[in-house]
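All remarks here apply to the structure that follows.
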Number of protein chains: 2
Amino acid sequence: MALEHALLVALREQPASGLDLARRFGRSIGFFWSATHQQIYKVLGRMESDGWVEATEVSQSGKPDKKVYDVTPAGRAALAAWLAEPTPTHALRSDLAVKMRGASFGDREAVLDVVRANLADHHVRLDHYRQLMKRDYPDGSGALAGLDLDQYLVLRGGILTEETWVAWLTEYLEAHA
Amino acid sequence: MALEHALLVALREQPASGLDLARRFGRSIGFFWSATHQQIYKVLGRMESDGWVEATEVSQSGKPDKKVYDVTPAGRAALAAWLAEPTPTHALRSDLAVKMRGASFGDREAVLDVVRANLADHHVRLDHYRQLMKRDYPDGSGALAGLDLDQYLVLRGGILTEETWVAWLTEYLEAHA
DNA sequence: ATTATCATGTAACCAGTTACATGATTAT
DNA sequence: ATAATCATGTAACTGGTTACATGATAAT
C-alpha cells in the first residue's frame with residue numbers, strides 16, 4: 001500500500017484537510033496517483049491513530065471548520081524509511097490494452113471508437129500537462145533543485161507518459177485504417 | 001473489473017486450464033495484465049457458474065488431469081458487449097513516481113538507488129520485448145491482420161511503454177547527477 | 001424555505017494478494 | 001520413501017470503490 005505514503009508526501013509539501021487533499025489528488029499529484037475523499041478520510045484516520053499525522057481544527061470565514069493535518073516526527077520517519085525501500089516494478093494493467101488485443105472477438109469498429117475516445121482524452125491530458133509546464137517552469141529545469149526539481153521531473157514523466165499513449169493509440173488506429 | 005474479460009480474450013485465443021492461463025499471464029499477455037493462479041481459479045469458477053466458460057477434463061500422460069476451459073456462446077456475447085463499452089482512462093498509479101517526488105523528504109541517495117534498480121528492471125523488460133518482436137515479427141507489421149496484427153500492436157505498446165520508463169528514469173538520474 | 005457548496009464521514013461491497021492445503025505424477 | 005513438479009483450490013486479509021449519511025455555511 002502506498003496511499004499512506006502519497007499522503008505523507010502531499011502533507012510534507014503542504015499541510016491540508018481531507019478535502020484539500022482530495023482536490024489536490026484530482027489535480028497535480030493525482031495525475032500520478034488518484035484517490036477519492038472517502039479513501040483519504042479512512043487512511044487519514046488510520047494514520048492519526050498510528051501517530052503519523054496530527055489534526056488541528058481550523059475555523060474558516062464563510063465555510064465550515066476543517067481539520068488540517070500535518071506530519072508528526074513519527075510520520076516523517078515512516079516516510080523516510082519507505083522512501084529507501086525498493087519498489088517492485090508493477091505490470092501496466094490496462095483495460096484498453098486488453099480490448100485492443102481482443103478486438104477481433106467483437107465489433108472491431110466499436111473497439112476503434114473506444115480507442116479514439118481514449119486517444120482524445122490523452123490529448124487533453126497532454127495539453128493540460130504542457131500548460132502546467134509552461135506556467136510553472138517557463139525556463140525549463142534550469143535553476144531547479146530539491147523538491148522543485150523533483151516536482152518538475154515528475155511532471156516531465158506525466159508528459160512522456162501521455163506522449164507515449166498518444167503515439168501508441170495513433171499507431172494502432174493507423175494500422176487499422 | 002476486467003480479469004474476467006482478459007481471461008475471455010486469452011481463452012478465445014486458445015482454450016486452457018487455470019495453470020496454463022497463470023503461466024501465459026506470467027508471459028506474453030501478462031506484460032500488460034498480471035494475475036496469480038489463485039485469482040484465476042476464483043474468477044474461472046465464477047465464470048463457469050455464469051455460463052461464460054465450460055470445462056472439459058483432459059487426462060495427460062505423465063501429469064495429473066487438468067480442466068481445460070473454453071468460451072461458451074454466452075461468454076462470447078459477454079466479451080463482445082464489453083469490448084464495445086467505453087473504458088475510462090485510468091491514472092497511472094506508481095509508487096516510484098511518489099518516491100521520486102518525495103525524495104527531498106528522505107535520503108536522496110537511497111531514492112536514487114531505488115530508481116536505478118527500477119531502471120535496470122525496465123531495461124531487462126525492454127530487451128525481452130524486443131527479442132519477442134524480433135522472434136515473432138521479423139518482418140515488422142507487414143502482412144499482419146486481425147488477431148496477429150492486434151497482438152503485434154500490443155507488443156509495440158509494451159516496447160513504447162518500457163522505452164518511456166527508461167527515458168524518464170534516465171532523465172531523473174541525470175538531473176540529480 | 002430551498003438549493004448549492006464545503007466538509008467529514010460510515011457501510012457494504014469487490015478485486016486482488018498472501019498464506020496455506022491437498023492430491024496426482026514422476027524422478028531419484 | 002522422498003523430493004520435485006503439476007494441478008486445483010480455500011481462507012483470511014487489504015486496498016479501493018460505490019452508495020449513502022450528516023451537518024455547516026452561503027446565496028437566492
Side-chain angles (χ1 to χ4, degrees), chain A residues 1-8 11 15-26 30 32-50 53-69 82 87-95 98, chain B residues 1-8 11 15-26 29-30 32-50 52-69 82 87-95 98:
Chain A
M1 211 245 302
L3 179 55
E4 262 100 337
H5 303 102
L7 291 174
L8 285 175
L11 290 175
S17 70
L19 206 56
D20 290 338
L21 287 166
R23 276 191 280 253
R24 275 206 252 159
F25 272 69
F32 312 100
W33 199 275
S34 73
T36 60
H37 75 272
Q38 292 94 328
Q39 179 70 1
I40 288 171
Y41 283 122
K42 208 194 303 184
V43 172
L44 277 177
R46 186 169 57 222
M47 290 167 75
E48 197 176 12
S49 308
D50 293 346
V53 298
E54 57 190 7
T56 318
E57 286 275 335
V58 173
S59 39
Q60 308 177 95
S61 63
K63 291 180 202 168
D65 294 358
K66 63 179 177 178
K67 284 161 72 178
V68 172
Y69 288 89
W82 176 77
T87 48
T89 314
H90 48 280
L92 132 78
R93 176 165 292 205
S94 163
D95 280 31
V98 175
Chain B
M1 209 243 304
L3 179 54
E4 261 100 336
H5 303 103
L7 290 175
L8 285 174
L11 290 175
S17 71
L19 206 57
D20 291 338
L21 287 166
R23 276 191 280 253
R24 276 207 252 158
F25 272 68
I29 299 178
F32 313 99
W33 200 273
S34 72
T36 60
H37 75 273
Q38 293 93 329
Q39 178 70 1
I40 288 171
Y41 283 123
K42 207 193 303 184
V43 172
L44 277 176
R46 185 168 59 222
M47 291 166 76
E48 197 176 12
S49 308
D50 293 346
W52 287 12
V53 296
E54 57 190 7
T56 317
E57 286 275 335
V58 172
S59 40
Q60 308 178 95
S61 63
K63 291 179 199 166
D65 295 357
K66 64 178 178 179
K67 284 160 72 178
V68 172
Y69 288 89
W82 176 76
T87 48
T89 313
H90 48 280
L92 133 78
R93 177 166 292 204
S94 163
D95 280 32
V98 176

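So you know, we letter chains A, B, ... as the sequences are listed, proteins then strands, and number each from 1.
The aromatic rings of A:H5 and A:W82 sit parallel to each other, their planes meeting at less than 30°, with 60° as the upper class boundary.
Residues B:V68 and A:S34 each lie close to DNA chain D; by heavy-atom proximity, the contact nearer the 5' end of the strand is made by B:V68. Judged by closest nucleotide on DNA chain C, A:K66 is the one of B:S61 and A:K66 placed further toward the 5' end.
Between A:E57 atom CD and C:dA7 atom P there is a gap of 12 Å when expressed in whole angstrom units. Nucleotide D:dT8 holds its P atom 11 Å from the NZ atom of B:K63, rounded to whole Å. When rounded to the nearest whole Å, the span between CG of A:L44 and C1' of C:dT10 equals 16 Å. Computed from coordinates, the B:H37 NE2 to D:dT5 P distance equals 16 Å when rounded to whole Å. Rounded to whole Å, atom C1' of C:dT8 lies 12 Å from atom CG of A:D20. We find that OH of B:Y69 is positioned 9 Å from C1' of D:dT8, with the value rounded to whole Å. Summarising the geometry, the separation between OH on A:Y41 and C1' on D:dT17 is reported as 17 Å, rounded to the nearest angstrom. Atom CD in B:Q39 sits about 16 Å away from atom P in D:dA11, given to the nearest Å.
Contact annotation for B:Q60: backbone-only contact, meaning every heavy-atom pair under 4.0 Å involves sugar-phosphate atoms and none involves a base.
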Working for side chain to side chain contact (heavy atoms under 4.5 Å, CB included), residues B:V98 and A:T87: CA-CA 11 Å; B:V98 176; A:T87 48; over 6 Å; no
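Applying the 3.5 Å distance criterion, the base of D:dT8 shares no donor-acceptor pair with the side chain of B:K42.
Taking 4.0 angstrom as the limit, A:R46 places none of its side-chain polar atoms (N or O) nearer than this to OP1 or OP2 of D:dT14. For D:dG15, neither phosphate oxygen OP1 nor OP2 lies less than 4.0 angstrom from any side-chain nitrogen or oxygen of B:R93.
For the atom pair OG1 of A:T56 and CG of A:D65, the computed distance is 12.0 Å after rounding to the nearest 0.5 Å. The distance from atom OH of B:Y41 to atom OG1 of B:T36, rounded to the nearest 0.5 Å, is 10.5 Å.
In the set C:dG16, D:dA7, D:dT8, D:dT8 carries the atom at the smallest distance from any side-chain atom of B:K67. Which of D:dA12, D:dC20, C:dT18 sits closest to the side chain of A:Q38 comes down to D:dC20. For B:T36, the listed nucleotide lying nearest its side chain is C:dT18; candidates were D:dT8, C:dT18, D:dG16. Considering only side-chain atoms of B:L19, the nucleotide from D:dT8, C:dA15, C:dA12 that sits closest is D:dT8. Among the nucleotides D:dG9, C:dT17, D:dG23, the one closest to the side chain of A:P64 is D:dG23.
When every heavy atom of A:P15 is checked against every heavy atom of A:R24, the shortest pair comes out as O-NH2, 4.1 Å.
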